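Structure first, commentary second.
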Amino acid sequence: MKNLAREEEWASWMRSAMAGDSKAYHKLLNAITPYIRVMARKRCEQFGAPASEAEDVVQEVLLAIHLKRGTWDIARPLGPWISAIVRNKLIDSLRRRGRNINVPLEDVIASLESDERVSVSDRIDIERILGRLKDPQRTIVRSISIEGVSVRQTAEQLKMTEVAVRVSLHRALKALAAFYSERANENG
Amino acid sequence: MRTDDLINLIAQDTRPPVEVSKALLLALVMGAATSCVLFFAVLGFRPDVADAIETGRFAFKFLVTLSLFSIASSLLSAMVRPGQGATARRWLLLLVPILLLGAVIVELIVTPSGLWGVRLIGSNAVHCLIVIPLLSFFPGVFLFRAMRNGAPDNPGQAGAIAALASAGIAATLYASNCPDDSPLFVAIWYSAATLAVVAIGYFAGLRFLRW
C-alpha cells in the first residue's frame, strides 16, 4: 500500500514535469535516484565493478529517463516504466563494460575507501565532459549544474533568450548521454 | 560530474518531450503518402482494375495486406515503450499466415492441379520482389526516425515490426497493380518480399534503434 501511494506521487510529479514544472521534476529525480543507485551498486558488485562505475550507471539511467520520458504512457503507472528503463540501461551498460569484468583487486579495495576518492574522479570527469561540449552548451552546463544558476539568469548573463538556453541545454543533455555510451564502449 | 549537479541540469530542461504515439502516427501517414505518390507516378492501377475489384481473389489480396498493415501498426507504439515490448498482442500477427494458408487450401481445392504451377509462378514474380521492398523504403525511413524517439526493449524486434508495417503499405499498393491474384502467388511471392523487408528491418533496428 505504501508503495502504491509513493508511486502515485511519483507519477503525479512526472506529469507535472512533462507539463513544464521544473520543481516537481527535481523532486521526482531526487526521489528515484536512491533506488536507481541501490540497483546499480548491486549489479556492479555482482560484476566486480567499482562503486564509482555504479554512479556512472546511475547518471546514464537518469539521462535515459529524461530523454525518453515521452515513451511513458501517462495513463499507466510510472514504476514499471522506470524499472524497465533501469533494467535496459544496466544490462546495456554492464555488457558494454563487460569485457572489463576482471577488475584488479586494488581497484576493488580502492572503491571501498572513502567518498573522497569518488569525488576526485568526479572532478576529472566533469572537466572531460565539459571539454567535449561546444561553447554555448559548455557555459550553460557549467552555470546551471555547478554554479546552480537558473535558466533565466544564465540567459541574462549570456545575452541569450531563455528559449535558446533551453534548446542548448537539451542538446547538451543529448550529447552527455552519447558521451556516456561512447565512454562505456571505450572501456569495453 | 556529481549526480546532484546532473539532476539540477536535467530538471531545468522542461521542454515537452516528443510523444511517441503521435510521432509514429505522423510517420505512418507521411510514409504511406510518399509511397502512394511514388506508386501512382511510376506504376498506377492495373488496366482492368474496375473488373478485378469484383473478383474474390483480388479482394482477398487486400484483406491480407491490410491485415498485415493494421496489426503491425497497432504494435508499433508498444514496441518503443519500455516494459511493454513483448506483449501477447504480437501473436495477432499469426493471423496473416493463417489467412494465407486457408486461402491456399481453398485455391488448391477449386483449381485443377494442372493450373497450380501457372498460378504459382504467375506473370511477374520478379516485379513483385522488387516493387514491395522499394515501396517499403519510405514508410520504413519515416517510422525509424519516429522510433528513434522511443526506447525499445528489443531494438531488432522493433525494427522488424516497423518493417512489417511498411511492407503492409507497400504490398497494399502493389496489389492494385499486380496482375496475379491467385493466393498461391500471394503466399509465395508477397511473403518472400515481405520477409526480405523484415530481415532488413531487424538488422537496421539493431543498428539504428539502440538508445
Side-chain angles (χ1 to χ4, degrees), chain A residues 17-30 33 37 55 58-59 62-73 76 80-89 92 119 122-123 125-126 129-130 140-141 144-146 148 150-151 154 163 165-167 169-170 172-173 176-177 181, chain B residues 1-27 74-90 143-159 161-162 205-211:
Chain A
M18 280 163 73
D21 182 345
S22 167
K23 275 191 189 133
Y25 202 15
H26 201 272
K27 268 192 242 169
L28 172 73
L29 294 170
N30 268 328
T33 298
R37 187 173 287 130
E55 206 55 28
V58 170
Q59 298 187 3
L62 285 172
L63 281 165
I65 287 175
H66 175 59
L67 294 172
K68 301 299 182 185
R69 67 199 190 286
T71 65
W72 175 51
D73 180 347
R76 286 172 178 251
W81 177 81
I82 291 180
S83 311
I85 293 244
V86 171
R87 193 194 57 218
N88 283 334
K89 270 292 154 193
D92 222 38
S119 58
D122 283 350
R123 187 143 304 157
D125 269 2
I126 192 133
I129 289 170
L130 289 175
I140 288 166
V141 166
I144 295 173
S145 74
I146 305 171
S150 74
V151 170
T154 305
V163 174
V165 170
R166 287 190 198 280
V167 170
L169 171 61
H170 184 71
L173 288 170
L176 279 185
S181 49
Chain B
M1 179 181 272
R2 282 175 51 230
T3 302
D4 287 345
D5 293 337
L6 183 69
I7 290 176
N8 287 338
L9 203 58
I10 291 175
Q12 292 300 324
D13 182 16
T14 48
R15 298 187 326 138
V18 176
E19 270 182 53
V20 274
S21 297
K22 275 188 195 160
L24 285 169
L25 189 64
L26 186 68
S74 76
L75 295 170
L76 285 170
S77 126
M79 295 309 299
V80 295
R81 293 182 190 275
Q84 283 189 37
T87 48
R89 274 191 301 153
R90 271 185 310 173
L143 280 177
F144 265 66
R145 276 192 47 193
M147 285 176 121
R148 300 252 312 150
N149 293 307
D153 289 335
N154 187 334
Q157 214 176 73
I161 298 288
L206 288 182
R207 171 84 178 74
F208 297 111
L209 296 180
R210 301 179 69 102
W211 48 283

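Reckoned from all heavy atoms, side chains included, excluding hydrogens, waters and symmetry mates. Protein chains get the first letters and strands the later ones, always in sequence-line order, with residue 1 at the start of each. Please read all numbers here as calculations on a predicted model, not as lab measurements.
The CG atom of A/Leu173 lies 5.0 Å from the CG atom of B/Leu9; values are rounded to the nearest 0.5 Å. Taking CG of B/Asp5 as the start and CD1 of A/Ile144 as the end, the distance is 11.5 Å to the nearest 0.5 Å. Distance check, rounded to the nearest 0.5 Å: CG of B/Asn8 to NE2 of A/His26 gives 4.0 Å. A distance of 10.5 Å separates CZ of B/Arg210 from CG of A/Asn88, quoted to the nearest 0.5 Å. If you take CD1 on B/Ile7 and CG on A/Leu62, they are separated by 5.5 Å, rounding to the nearest 0.5 Å.
Atom CZ of A/Arg87 sits in a crowded spot, with more than 12 heavy atoms from other residues, nucleotides or ligands closer than 6.0 Å.
Take B/Arg89 and apply the salt bridge (Lys or Arg N to Asp or Glu O under 4.0 Å) test, not counting sequence neighbours, and it matches no residue. Residues that satisfy the salt bridge (Lys or Arg N to Asp or Glu O under 4.0 Å) test with B/Arg148, not counting sequence neighbours, are absent from this structure. With sequence neighbours left out, the side-chain hydrogen bond (donor to acceptor under 3.5 Å, both in side chains) criterion links A/Thr33 to no other residue.
In terms of heavy-atom pairs under 4.5 angstrom with chain B, the leader among A/Asp73, A/Ile82, A/Ile65 is A/Asp73. Between chain B and the residues A/Thr71, A/Val163, A/Val165, the most heavy-atom pairs under 4.5 angstrom are made by A/Thr71.
Looking at A/Val58, the atoms closer than 4.5 Å to chain B (heavy atoms on both sides) all sit in the side chain, from C-beta outward. With a threshold of 4.5 angstrom between heavy atoms, A/Val167 approaches chain B through its backbone and through its side chain.
A 4.5 Å side-chain heavy-atom check between B/Leu6 and A/Leu176 finds at least one atom pair inside the cut-off.
Close approach to chain A, defined as a heavy atom under 4.5 Å from one of its heavy atoms, is seen in B/Gln12, B/Asp13, B/Thr14, B/Arg15, B/Pro16, B/Pro17, B/Val18, B/Glu19, B/Val20 of residues 12-22 of chain B, taken by number.
Of all heavy-atom pairs spanning B/Gly83 and A/Ala84, the tightest one is N-CB, 3.3 Å. Of all the heavy atoms in B/Ala11 and A/Tyr25, the pair that sits closest is CA-CD2, 3.7 Å.
Although no hydrogens or angles enter the test, the distance criterion places no donor-acceptor pair under 3.5 Å between the side chain of A/Lys68 and the main chain of B/Arg81.
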